[in-house]
Protein chains: 2
Amino acid sequence: MDDIDLMRDFNRYYTRRIGVLNDEYLGQGRPLGEARLLFEIGAGVDLRDLRRRLGLDSGYLSRMLRSLSAQGLVSVAPRPGDARVRTATLTSAGQRELADLEERSRASVAGLLEPLSADQRSRLVGAQAEIQRLLRLAAITLTPVPDSSAAARSCLRSYAAELAERFPEGYDAEGALLPPGTLHDGTFLLATEEDTPIACGLWQRLAPILASPSPVAPASSAPSPSPSSSAPSPSAPSPSAPSPSLPSRAAEIRHLWVSPSARGLGLARRLLAALEADAAAHGVTTVRLGTHSSLGEAIALYRSAGYREIPPYDESPYNQLAFEKSL
Amino acid sequence: MDDIDLMRDFNRYYTRRIGVLNDEYLGQGRPLGEARLLFEIGAGVDLRDLRRRLGLDSGYLSRMLRSLSAQGLVSVAPRPGDARVRTATLTSAGQRELADLEERSRASVAGLLEPLSADQRSRLVGAQAEIQRLLRLAAITLTPVPDSSAAARSCLRSYAAELAERFPEGYDAEGALLPPGTLHDGTFLLATEEDTPIACGLWQRLAPILASPSPVAPASSAPSPSPSSSAPSPSAPSPSAPSPSLPSRAAEIRHLWVSPSARGLGLARRLLAALEADAAAHGVTTVRLGTHSSLGEAIALYRSAGYREIPPYDESPYNQLAFEKSL
DNA sequence: TCCAATCTAAGACCTGAGTCAGAGATTGCG
DNA sequence: CGCAATCTCTGACTCAGGTCTTAGATTGGA
């Protein structure tokens, strides 16, 4: 039995167990769809958002809401300001009903856990947390996007905001952040979880350094089918590339950032590996990066990913440390 | 957030993820119920069993089967020998269809696992295995039953069969097994998982030993509300009890057995603890047990559960080792 | 041999879930 | 202002899932 079969087996077992659990507390007279609605309508939600979040047809939603408001559990009213969209709110009876649902749900889970010792319970939730982390990580997709795209800029803004807060000296986004539309020889990777951006990073070809060994022919560095947003094949240097006609084999990784909500999943490591792989596929053999001495987790990540410290290679005031790795 | 909320959170996340996974491969044109039927009809099943296993209404099942056999996937025929029950079999087209379903299911799980490294995958399935073990353990119920009940005897038969195989000298069930209906001062605990017996064990009051300290008044050993099948309250000794009018405060644990299908769950430990608790609730202060030197896991269990070795206290040829614990 | 029990088939019926097309209301923008 | 876009409601429709009842076939045991 391989991993796949083991997982299928677990899925069958778990969904069956949890299925009866859910029936136990949800199926108390109320149709499932309505119960889910009650859960989702916290304190006023636009119907539009409800539909999107639950993936419902507008007619279907409208009908369920009608039923719920006939039962006096929710009230639907046009949103002040824009009367096209309507918002649903729980009435006080609805809140009671929801609390009741929650309580029943808690009770049925408690009944399930009851025969287990405290130690066994904590092992159970520990294993669940591990699974959830890994599944989240697996559900995150990495896509190359233009560095000027809205999602990319929003990630970079969050990145800059966080650095401004963490660096004792603050962070000058204007001066230090990659200006939009200037990444011509490299790739901006965006990580999204259920269509919301949660992490990013980019690699960018470095101008050849005079002290570096003279460029050799790009012999076997054939263009690969790997995803790349903007980098042309190595034999066709981009217009913005500096004087030498052969592209540099050194690149820099910059702006690696993971949203706080996605930390602890191992996403930074995955993103870093993806950036390296993409750069390597474009003929890059050496990647460098600079970082701030206050970013302990990042430094630990680079070290454990095979980077070794080198003297700082640029003048950015924020890059007190620099690292390098051969691909 | 306590264990219960953590588990609810995980349930929501997991069922949602797995839900879309299932829709992906099951909802290919065929209704879910029919797909489940295909899975369940392996090589010939009685409709009666199908109904019981899936919890279906006879009319509903009959309708689905009609539809499946109209599609040429299953054939239903009266069982030779008893024409009241009918059996369903997959046709060769049905088998192909099932193989196809399985393949799609594997593919969708594989797609989910694809972004994970081998190490992450093995951590995932490891955590799943842990959860499954703990949930199985939690789903097992311990019930006191008469030692002559069919379920009890079936467990004891399996127990004897296993010992006969494991002991180099064999096992004489006639001589060594508790005869049915003879447990008058003690409790036979049966462990069942989804209504099938999977483990058992019993405690039985020992006749007072002459060398033991003289019996004290059973002062505070009040009868407790704990479950007990046959043991009368300590103040009313059973007719079969030997001469002294006060019940012995020593008991013996015997015939502790866990079906191979339920090993590794920690069930033996739970069963042992339940037996001790039940005995203690009946005024027992010392439990003893004997075991065979070849039963390494059992010996390790007793040691780790707080038993200390004592000299053998009876003449059973199978009890080369004896243990004792004060409750 | 006959009766009760068992098992299944079939039909009527119901509910929930979900889709679709069209009509109204409201708003933003040229 | 008027038009297009957005959002919602409504009703008609389909389908899966499931229950209930009745009837018929078969069998085992009195």
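Because only heavy atoms are used, hydrogens play no part in the values below, and waters and symmetry mates are left out as well, while side chains stay in. Every chain is numbered from 1 and lettered A, B, ... according to where its sequence line falls, protein lines coming before strand lines.
By the 4.0 Å N-to-carboxylate-O rule, Arg30(A) lies too far from Asp100(A) to be salt-bridged with it. Ionic pairing of Arg106(A) and Asp5(B) is present here: one or more N-O contacts between side-chain nitrogen and carboxylate oxygen are shorter than 4.0 angstrom. A salt bridge links Asp46(A) to Arg79(A): at least one charged side-chain nitrogen sits closer than 4.0 Å to a carboxylate oxygen.
The listed nucleotides are dT8(D), dG17(D), dA17(C); the one nearest the side chain of Leu32(A) is dA17(C). Checked against dT8(D), dT19(C), dC9(D), the side chain of Ser62(A) finds its nearest nucleotide in dC9(D). Taking the side chain of Pro31(A) as heavy atoms from C-beta on, and the options dT10(D), dT8(C), dG16(C), the nearest nucleotide is dG16(C).
Contact annotation: side chain of Ser58(B) to base of dC7(C), donor-acceptor pair absent below 3.5 Å. Residue Asp82(A) places no side-chain atom within donor-acceptor reach of the base of dC7(D), judged by atom type and a 3.5 Å distance cut-off alone.
Taking only side-chain nitrogens and oxygens, Arg63(A) never comes nearer than 4.0 Å to OP1 or OP2 of dG11(D). Phosphate contact (OP1/OP2 of dT10(D), side-chain N/O of Arg66(A), threshold under 4.0 Å): present.
In this structure, CZ of Arg84(A) is placed 16 Å from C1' of dC9(D), rounded to the nearest angstrom. As a whole-Å value, the separation of Arg79(A) CZ from dT6(D) P is 15 Å. For the pair Arg86(A) CZ and dA25(C) P, the computed distance is 13 Å after rounding to whole Å. Whole-Å rounding puts the Arg48(A) CZ to dT27(C) C1' distance at 12 Å. As rounded to whole Å, 7 Å separates atom P of dT8(C) from atom CG of Asp46(B). As rounded to whole Å, 14 Å separates atom C1' of dT19(C) from atom CG of Leu61(A). Note: CG (Asp57(B)) to P (dG11(C)) measures 15 Å, nearest angstrom. A straight line from CG of Leu56(B) to P of dT8(C) spans 12 Å, rounded to a whole angstrom.
Looking at which nucleotide of DNA chain C each of Gly55(A) and Ala83(A) is closest to, the 5′-most match is held by Gly55(A).
Gly33(A) comes within contact range of the sugar-phosphate backbone alone, with a heavy-atom separation under 4.0 Å but no base atom that close.
With 3.5 Å as the limit, one finds no donor-acceptor pair spanning the side chains of Ser75(B) and Thr91(B).
Here the straight-line distance linking atom OH of Tyr159(B) with atom OG of Ser259(B) works out to 15.0 Å at 0.5 Å rounding.
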